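All values reported here derive from a predicted model rather than from experimental measurement. In what follows, every chain begins at residue 1, and chains take the letters A, B, ... in the order their sequences are listed. The figures that follow rest on heavy atoms only: side chains count, while hydrogens, waters and symmetry mates do not.
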Number of protein chains: 2
Amino acid sequence: MPTTKSGSYHHGDLRHAVLTAALDVIATEGPGALSLRDLARRAGVSHAAPAHHFKDRTGLLTAIAAEGYELLADALADAADLRERGVRYVRFGIEHPAHFQVMFQPDLLRGDDAALLAARARAGAELRTGVAEVPATGRGENARLAGIAAWSLAHGFATLLLSENLREPVGGRDPEEVFRTLAELLFSGSRASRK
Amino acid sequence: MPTTKSGSYHHGDLRHAVLTAALDVIATEGPGALSLRDLARRAGVSHAAPAHHFKDRTGLLTAIAAEGYELLADALADAADLRERGVRYVRFGIEHPAHFQVMFQPDLLRGDDAALLAARARAGAELRTGVAEVPATGRGENARLAGIAAWSLAHGFATLLLSENLREPVGGRDPEEVFRTLAELLFSGSRASRK
DNA sequence: CGAGCAATCTAGCCAGCGACAAGTTCAAGT
DNA sequence: ACTTGAACTTGTCGCTGGCTAGATTGCTCG
């Protein structure tokens, strides 16, 4: 697994190696189990090497969060409608659980990091675009509320899913499909038109 | 409160003191900043004293989570209807941010703890009761979906609120009130059984 | 009443961690 | 050839969690 670089005692791509190892650890054991020294060991480098790429532990987590927001923005970019955008949101949580966990835990992050803020803004814009596309929700106050509602629904569903709280109610079914019918059920009534 | 005899020994009530200090730390700096030794220092006892009441760090967090589920169940108990129950859920998150954060981070908890499981079951029952009370959602599949939807909405709203992600859209308004109108907006149209 | 006993707390230890500082190697660019 | 700077190593400090052994306390029961 350690990208064997015979001869060169400079690891070929340590930043990437540490990043992916970190995602693996977070996804399986949670962010609390993350240790820079452990990551260094996995990559076959000295204990202080990772710090050169990510200042400190918070820096690493912040980089992961920023990457997560970029991935989320990408994932939302070309969705058909608002409901599909919600499905993408949920899918993002399922496919990138480590990113997702870190992104929404502000106490783990450097909140003023430039890359993080930029990525978050991009994802936020993508989110808001999705709401604006729905004609019936209309303008002003209602549009904003609908946006919060949609985001809350998708985020809550994804969060509960990742925290094992929806294991029983969802059963063996595909979570994305469950969410799709869920969203249809709810938003069908919030506009004038019925199905 | 939870099954404690709380006699006055060396400290008086160390368990309670540590618990409240922990909640304070978590609420202000997050669960990652929690240190048993720091809590011991605050309580004026030796560094190993807290471990006697809560086995280890995970034990402390598990106790907090269990207490959180108890508090949540209490909070949901006498709500008028489903929407109000959602408002209570959000309010719980706002009033007990430390509990809320810990409850839904499984990697911090001892998942097989008896007290935790009992408390979680109680809160879960309370949650399901709230859904069953709504007549229009009806029976079977739709009822379950509506339950997931309601929970997701409330949970997502609370989570986003606590992670500072709703600061701008909510603005200066009362979050509970925002959620109330939100829930009304969504659930007003979902009563007629579709399909 | 007083002796045992268990709950509570202390003190000391170890391995591991994050952060920092200073040195080392390497690949360029001038 | 010499410098410059990035990537990495080595060493160290203070802190943490968790363990163990031992001390103290107060409750209970004979």
Over how many whole Å does the gap from B:F54 atom CZ to C:dT8 atom P extend?
11 Å
Below 4.0 Å: OP1/OP2 of C:dC9 and any side-chain N or O of B:H53
yes
Value in whole Å for how far the P atom of C:dC17 lies from CG of B:L36
18 Å
Partners passing salt bridge (charged side-chain N to carboxylate O under 4.0 Å, His left out) against A:R57 (at least two apart in sequence or in another chain)
none
Give a yes or no answer on whether the side chain of A:R85 reaches the backbone of A:L76 with a donor-acceptor pair at less than 3.5 Å.
yes
Please write out each protein N/O paired with an N/O of nucleotides 21-24 of chain C under 3.5 Å, distance rounded to 0.1 Å.
none

Between A:L19, A:T62, A:L36, which is the residue that forms a side-chain contact (heavy atoms from CB on, under 4.5 Å) with A:F54?
A:L19
Distance, rounded to the nearest Å, where B:L60 contributes CG and D:dG17 contributes P
10 Å
Report all interatomic pairs (protein N or O, nucleotide N or O of nucleotides 14-16 of chain C) with separations under 3.5 Å.
none

Could you give the CG-to-P distance, from A:D13 to D:dA7, as a whole number of Å?
11 Å
Do B:Q105 and A:Q105 have side-chain N/O donor and acceptor atoms under 3.5 Å apart?
yes
In terms of relative ring orientation, are A:W151 and A:Y89 parallel, tilted or perpendicular, with 30° and 60° separating the classes?
perpendicular
If I take atom NE2 in residue B:H47 and atom C1' in nucleotide D:dG17, what distance separates them, rounded to the nearest angstrom?
9 Å
A side-chain contact here means heavy atoms from C-beta on lying under 4.5 Å apart; do A:R110 and A:K55 qualify?
yes
Using the six-membered ring wherever Trp is involved, compare the ring planes of A:F92 and A:H96 and label them parallel, tilted or perpendicular (cut-offs 30° and 60°).
tilted
Any heavy-atom pair between the side chains of B:P50 and B:L60 that's under 4.5 Å?
no
With sugar-phosphate meaning primed atoms plus P, OP1 and OP2, does B:L34 contact a base, only sugar-phosphate, or nothing at under 4.0 Å between heavy atoms?
sugar-phosphate
Check the distance between C:dC17's P and A:L39's CG and give it to me in whole angstrom.
10 Å
Spacing between A:L61 atom CG and C:dG18 atom C1', to the nearest angstrom:
13 Å
Winner on side-chain proximity to A:S46, out of D:dC8, C:dC9, D:dG17, is D:dC8
Think A:H52 has a side-chain N or O under 4.0 angstrom from the OP1 or OP2 of D:dC8?
no
Are B:L117 and B:L72 grouped together when hydrophobic residues (ILVMFWY) are joined by side-chain heavy atoms under 4.5 angstrom apart?
no
Grab the CG-P distance between B:L14 and D:dT24 for me, whole Å please.
19 Å
